[in-house]
Each structure stands twice: as structure tokens, then as C-alpha cells.
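Written out below as C-alpha cells is the structure these notes cover.
Numbers for residues simply follow the sequence, beginning at 1.
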Amino acid sequence: MGGSGTDNDDLLEKFKNLDFMKMDRRTFIKAVGVLGASLFLQTYKNDIAKALEFSETKVVWLHGVMDSGCTISMLDGGSPDIIEFLQEYNLKLLYHEVLMMQQGIFVDGKLANTSDLNSEIVLDEILGREKDYVLVSEGAISNGPQGSGKYLMLGGRTYKEIYAKAAKNALAIVAIGNCATNGGVNSAKSDIVELMDPRGVAFTMEDASKGILDLLGIEKPVINLTGCPTHPDWVFLTIGAVVLGKIKIPDDLPNVLDHWKRPKVFFPPDHVIHDNCSRRGYYDRGEFELTVGGPKCLWKLGCKGPYTHADCATRNWNGHLNYCPQAGSPCIGCVQPGFPDSTRPFFVEIEKTGIVGTNITTIAGVAIGGALLAAGAHAVRRTAMKRPEDEEGFAEESTPEETGEKPIEEAGGEK
């Protein structure tokens with residue numbers, strides 16, 4: 001290079017607007033050669049520091065007892081979609097059973113073939129050499145029968161055994177969907193649930209003492225993203241925040257997570273879906289639908305929006321276009337810990353059923369307070385946490401005439 005100040009200024013002007021992160025090899029070599037190493041470092045020091053900080057993060061994504069609904073939700077995500085998500089955050093997806101081509105091949109019960117064709121061999125190799133990856137956990141972990149874990153076998157081994165190995169080497173665990181976070185529908189009351197004994201990662205239903213990590217004696221930072229399925233934004237943005245250091249693990253977790261280990265920004269403890277519901281105006285005026293298909297409030301059809309802590313009404317689903325109540329379906333509270341037992345029956349007015357078997361303080365208390373402040377409210381005036389059979393004169397579709405109550409309009413404007 002000529003060495004004059006003018007030449008250097010011209011070259012700096014030429015290169016200063018280039019994006020170091022997108023610089024191809026030829027341009028990179030030319031820039032280093034023309035500017036010299038020291039001047040190159042001076043010009044791009046901020047970009048280089050960013051690149052070093054933003055190093056590749058490895059992700060292992062495991063599937064337990066589930067229907068892959070959360071993976072399908074991720075594949076339907078947009079802005080970013082899953083490809084953009086992996087590229088933008090410099091993630092290396094080491095293992096994802098649903099997206100992989102490999103199939104397990106066995107001969108006489110033993111693994112055959114190579115890792116190119118056998119996902120069990122690939123997983124073995126990954127778990128044998130990798131550490132400090134983000135473990136994305138989808139689906140419950142089967143512990144039955146009798147603690148053996150044999151109700152879910154992968155390649156001749158229990159998923160419980162595989163999960164323990166994966167969890168021990170993980171930097172952190174991001175559990176997605178209610179099956180992974182709380183056991184989900186697998187852990188709901190049934191004739192076989194005790195035999196199957198499916199476990200969530202840190203909770204089973206609402207019981208923290210029955211999480212699989214506690215059972216296995218493994219201590220790892222856990223972030224729960226509930227939902228059936230979980231919203232792709234919640235997954236992408238949470239993992240992105242971890243990768244970018246916006247959430248420092250484990251130091252920041254006590255401040256950014258709620259009691260259920262969920263990010264407060266997506267599952268606000270002091271707000272419920274009802275607060276921003278597109279049908280809220282009808283609720284405030286006491287206008288309710290009694291059959292599906294109409295535009296009014298869905299409260300009497302069993303909507304759990306006033307008790308459900310999530311940002312569905314402002315974030316929206318399906319490409320950020322709508323969400324369940326807006327589309328005509330009452331909220332069934334699928335993000336709530338203990339779902340589905342904690343929020344069913346789904347389509348029965350909740351003031352007739354109460355919320356049975358749930359942590360009322362954490363789930364309903366805030367919602368009731370919010371509803372009282374906001375509307376007065378028709379819904380909460382009789383919300384007693386009772387079972388239907390405990391309520392005197394209960395009828396499945398009780399009307400004001402049947403209950404002896406005054407209609408809303410005659411009750412001095414009470415809603």
C-alpha cells in the first residue's frame with residue numbers, strides 16, 4: 001500500500017461499510033492484505049468481538065412421550081422460521097429425531113449399520129462426545145412401569161436412560177410444551193396414569209417433587225415453555241436470548257422466570273389472556289354466546305382466558321394473525337401448569353365448576369383480582385372454587401330464571 005494518509009483514508013472509506021460477518025473469503029483476504037493486520041483489526045474490532053461472543057451454540061432436541069405437536073408448531077413458525085432461527089442465532093442442531101433422515105436398524109437386538117443411516121448410533125456418538133449444549137426437551141419422560149421406564153424404548157434402551165445421559169451433559173434444558181414441562185395429557189387422570197408414570201422435566205402436573213430431574217438426582221437450569229403446543233416465538237426468542245447472553249444462566253433465571261420456571265415476558269404473572277381479548281368489550285357489557293359461532297364473549301362456553309397467563313391475545317398465532325378466542329374457540333388454558341386436569345371441563349362455564357385441583361393462589365387469584373378491577377364483573381361475582389356437585393341447585397345450563405337471580409339488566413347494571 002502507498003502508505004499515505006490519503007490512501008489509507010480512501011481504503012478505510014471503501015471497507016468501512018462492509019459487513020465483516022457477511023464478508024466472503026476473497027474480500028476478507030483482500031481487506032487484510034490492503035489494510036494490514038493492525039488496521040484491519042482496528043476497523044473491524046467491534047464486529048470481530050461480536051463474532052467471538054456469538055459463537056456457535058449446539059442444540060440437542062429430544063422427543064419423549066408426545067405427539068410432536070410442538071415440533072409441528074416450530075415448523076409452522078414465521079419471522080423467523082426455523083431455518084432462519086438456526087442461521088441467525090448460529091445454532092448447530094446436532095439431533096432432532098423428527099427432522100433427521102436416519103432410521104434405526106437392528107439385527108438380533110444390536111445396532112447395525114453406520115451413523116449415516118442410524119439415528120440411534122448418531123445420538124450415541126453425540127452424547128458420548130458433546131457437552132454444554134442446550135437440551136430442548138419435547139414430550140414427557142416415561143418412568144413406568146414401576147420406575148423402569150420401559151414404556152418408552154429407543155434402540156433397545158429406555159428413553160429415561162437416554163434422557164439422563166443427555167441432561168447431565170447439557171448447559172441448560174429448555175422444556176417445550178406441556179408434556180415436557182408438566183407431563184401434559186399423558187399425566188392427566190386416567191386408569192393407567194400410575195402404571196405409565198410419565199414425568200415432566202421439573203414438574204409432573206403441579207408437583208415439583210415429581211419432576212424427572214429430581215427423580216434422577218440431576219441439577220440443571222430449566223426454562224419451561226408451556227402450551228399445547230407452545231408458540232414458536234416463545235421457543236425461538238427464549239433460546240435466542242440464552243444464546244445472545246440476554247438471559248445469563250443461571251444468574252438471571254430467578255428474576256426472569258415465574259414460579260413455574262416460565263419466562264414472565266411470555267407468561268406474565270399479573271396479566272391474563274382475558275385482559276387483551278378481542279372479545280373483551282362483549283364481556284364488559286355482559287353479552288355472552290351460548291352456542292359457538294357468534295362474535296360475543298365466550299365465557300359461558302367455558303373460556304379460561306380470565307385465568308390463563310400468556311400473551312396469546314397480543315402475540316397471536318398462525319403467523320401472528322389470530323388466537324383461539326378470536327377464531328371462535330374458548331380458551332382451554334393449555335399453557336396452565338396441571339393442564340388438562342386443572343382447566344377441564346373445557347366447555348362448561350367456570351363459575352359453575354370452579355377450578356378444581358389447582359393452585360388457586362397462583363392461577364386464579366390474580367385473574368380474579370384483575371377481572372374485578374376491570375369489569376365489575378359478571379364472571380367473578382359467583383366464582384367460588386366449588387365442584388359442580390357442591391353447588392346447591394346446580395344445573396348444567398342454569399338460567400337466571402332457574403337460579404332465581406335477576407337478569408343482568410335488572411340488577412342495577414351489574415354485570
Side-chain angles (χ1 to χ4, degrees), residues 56-71 74 82 85-86 89 91-104 106 111 115 118-144 147-184 186-187 197-204 210-226 230 235 238-239 242-243 249-250 253 261:
E56 181 183 77
T57 301
K58 296 174 181 176
V59 175
V60 174
W61 192 312
L62 295 183
H63 296 76
V65 185
M66 43 89 228
D67 59 0
S68 294
C70 289
T71 282
M74 299 307 104
I82 193 167
F85 163 65
L86 295 172
Y89 291 106
L91 301 176
K92 185 174 183 179
L93 186 58
L94 296 175
Y95 187 86
H96 188 297
E97 184 76 34
V98 177
L99 301 181
M100 294 174 68
M101 295 292 291
Q102 290 95 332
Q103 299 293 321
F106 294 87
L111 291 173
S115 59
N118 192 311
S119 57
E120 279 76 25
I121 295 177
V122 171
L123 184 56
D124 264 350
E125 292 177 353
I126 291 170
L127 298 184
R129 70 169 186 266
E130 301 289 348
K131 294 182 182 295
D132 296 334
Y133 44 77
V134 175
L135 173 59
V136 178
S137 182
E138 181 177 352
I141 300 93
S142 179
N143 189 48
S148 69
K150 290 185 177 179
Y151 276 133
L152 181 55
M153 303 291 293
L154 295 177
R157 292 165 299 165
T158 67
Y159 179 67
K160 177 183 173 182
E161 176 187 351
I162 294 171
Y163 191 83
K165 190 172 183 179
K168 286 177 181 175
N169 289 334
L171 173 68
I173 298 173
V174 179
I176 66 170
N178 265 67
C179 295
T181 59
N182 298 80
N186 312 285
S187 299
D197 196 14
R199 303 290 184 104
V201 175
F203 296 91
T204 295
K210 293 185 176 179
I212 193 69
L213 292 186
D214 189 61
L215 180 70
L216 296 171
I218 298 173
E219 293 186 7
K220 288 290 175 181
V222 175
I223 299 176
N224 278 336
L225 300 171
T226 54
T230 192
V235 178
T238 297
I239 295 177
V242 171
V243 170
I249 294 178
L253 296 186
K261 300 183 180 296

Closest contact, heavy atoms only, S187 versus P198: OG-O, 3.1 Å

K261 side chain reached by F203 side chain, heavy atoms, under 4.5 Å: yes

I212 CD1 to S142 OG distance, which is reported to the nearest 0.5 Å: 8.5 Å

Side chain to side chain, F85 and I239, heavy atoms closer than 4.5 Å: yes

Closest contact, heavy atoms only, G144 versus D197: N-CB, 3.8 Å

Spacing of E138 atom CD and H63 atom NE2 [to the nearest 0.5 Å]: 4.0 Å

Point-to-point distance, once rounded to the nearest 0.5 Å, from CG of L86 to OG1 of T57: 11.0 Å

Option among L171, V59, L93, N169 that satisfies the side-chain contact (heavy atoms from CB on, under 4.5 Å) test with Y133: N169

Check: N186 side chain, V65 main-chain N or O, donor-acceptor pair, under 3.5 Å: yes

Criterion side-chain contact (heavy atoms from CB on, under 4.5 Å) on T71 and W61, from CA distance to verdict: CA-CA 10 Å; T71 282; W61 192 312; 3.9 Å; yes

Side chains of E130 and V60 in contact at under 4.5 Å (non-hydrogen atoms): no

Side chains of Y159 and L62 in contact at under 4.5 Å (non-hydrogen atoms): yes

Working for side-chain contact (heavy atoms from CB on, under 4.5 Å), residues I223 and V242: CA-CA 10 Å; I223 299 176; V242 171; 4.0 Å; yes

N178 CG to M66 CE distance, which is reported to the nearest 0.5 Å: 14.5 Å

Nearest-0.5 Å distance, CD1 of residue I126 to CG of residue L94: 5.0 Å

Contacts of A167 that satisfy side chain to side chain contact (heavy atoms under 4.5 Å, CB included) - sequence neighbours left out: L135, Y163, I173, L213, I218

Gap separating the OG1 atom of T226 from the CG atom of N182, nearest 0.5 angstrom: 7.0 Å

Exceeds 12 heavy-atom contacts within 6.0 angstrom, atom CD of E219: no

Closest contact, heavy atoms only, S148 versus T158: O-CG2, 3.5 Å

N224 versus A202, closest heavy-atom pair with distance: ND2-CB, 4.5 Å

Side chain to side chain, L123 and L154, heavy atoms closer than 4.5 Å: no

Listed once per pair and sorted, the salt bridge (charged side-chain N to carboxylate O under 4.0 Å, His left out) pairs that draw on residues 149-177, sequence neighbours left out: D124-R157

Shortest non-hydrogen separation from I249 to A172 and the atoms involved: CD1-CB, 3.6 Å

Considering all heavy atoms, the nearest E97-S119 contact: OE2-OG, 3.4 Å

